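One structure below.
Each residue takes its place number in the sequence, starting with 1. Just so you know, these numbers come straight off a predicted model, no measurement behind them.
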Amino acid sequence: VQLQASGGGLVQARGSLRLSCAASGRTFSNYAMGWFRQAPGKEREFVATITWTGGTTYYADSVKGRFTISRDNAKNTLYLQMNGLKPEDTAVYLCAARYKIVSIATHEYEYWGQGTQVTVSS
């Protein structure tokens, strides 16, 4: 699976952004998908994940209630709606794919996109 993330940018605190991740190469609907982020000098961390059907989602506590993960299997696209952004959300956001089984563990994902930068100013 090839993944291409987009939609990042510079936004003020309490603002919103919507990230997209376009998938190609394999059957998108066979894959659980996740969003992760990595800030400078920090380890990559889990943000949100969604089952291959889109029926179940999981979130990191730090984003719960502010971010929403979704997918459109007909368009081979994953989304992350981010509301109420905070400066601590600043990071490179990466999308990832794992065959069938959803996971919050970074090392269990097989395919990764290149990431999109999100910067939140105070």
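One hydrophobic cluster, built from ILVMFWY side chains closer than 4.5 Å, cannot hold both Val118 and Leu94; they sit in different ones. Hydrophobic clustering, with ILVMFWY side chains joined whenever heavy atoms are under 4.5 angstrom apart, groups Val63 together with Leu85. Linking ILVMFWY residues whenever their side-chain heavy atoms come closer than 4.5 Å, directly or via other members, leaves Ile50 and Ile104 in distinct clusters. The cluster map of Ile, Leu, Val, Met, Phe, Trp and Tyr, joined by side-chain heavy atoms under 4.5 Å apart, puts Val1 and Met33 in the same cluster.
A donor-acceptor contact shorter than 3.5 Å links the side chain of Gln114 to the backbone of Ala5. A distance-only check finds a donor-acceptor pair linking the side chain of Asn73 to the backbone of Trp52 [under 3.5 Å]. Of the possible donor and acceptor atoms, none in the side chain of Arg71 sits under 3.5 Å from a partner among the backbone N and O of Gly54. The closest donor-acceptor contact from the side chain of Thr77 to the backbone of Ala22 lies at 3.5 Å or more, if one exists at all.
A distance of 11.0 Å separates OG of Ser29 from CG of Asp72, quoted to the nearest 0.5 Å. The OH atom of Tyr93 lies 15.0 Å from the SG atom of Cys21; values are rounded to the nearest 0.5 Å. Considering OG1 of Thr90 and CD of Gln117, their distance stands at 7.5 Å, rounded to 0.5 Å. With values rounded to the nearest 0.5 angstrom, Cys95 atom SG is found 8.0 Å from Gln4 atom CD. Taken from OG in Ser122 to CZ in Arg14, the straight-line distance is 9.5 Å, to the nearest 0.5 Å. If you take CE on Met82 and OG1 on Thr68, they are separated by 11.0 Å, rounding to the nearest 0.5 Å.
Between Tyr99 and Arg26, the closest side-chain pair of non-hydrogen atoms is not below 4.5 Å. Side-chain contact between Val120 and Glu88 is absent, with no heavy-atom pair separated by less than 4.5 Å. Residues Leu78 and Leu3 have side chains not in contact (no heavy-atom distance under 4.5 Å, counting atoms from C-beta outward). Looking at Ser62 and Arg37, their side chains come closer than 4.5 Å, going by heavy atoms from C-beta outward. Here the side chains of Phe67 and Leu17 are not in contact, with every heavy-atom distance at 4.5 Å or above.
The only option from Tyr109, Trp35, Tyr58, Tyr59 that meets the side-chain hydrogen bond (donor to acceptor under 3.5 Å, both in side chains) definition with Thr49 turns out to be Tyr109.
Residues satisfying the ring pair (Phe, Tyr, Trp, His ring centres under 6.0 Å) test with Trp112, not counting sequence neighbours, are Phe36. Among residues two or more places apart in sequence or in another chain, the salt bridge (Lys or Arg N to Asp or Glu O under 4.0 Å) test is passed with Arg18 by none.
Atom NZ of Lys42 is surrounded by 12 or fewer heavy atoms from other residues, nucleotides or ligands within 6.0 Å. With a 6.0 Å radius and a threshold of 12 heavy atoms from other residues, nucleotides or ligands, Glu43 has its CD atom at or below the threshold.
Minimum heavy-atom separation, Leu80 to Ala48: CD1-CB, 4.4 Å. Across all their heavy atoms, Phe46 and Ser103 have their closest contact at CE1-O, 4.4 Å.
Taking the six-membered ring where the residue is Trp, Tyr31 and Tyr111 present perpendicular rings, their angle passing 60° and hence far from 30°.
Salt-bridge check for Asp89 with Lys86: failed, with every basic side-chain N at 4.0 Å or more from each acidic carboxylate O.
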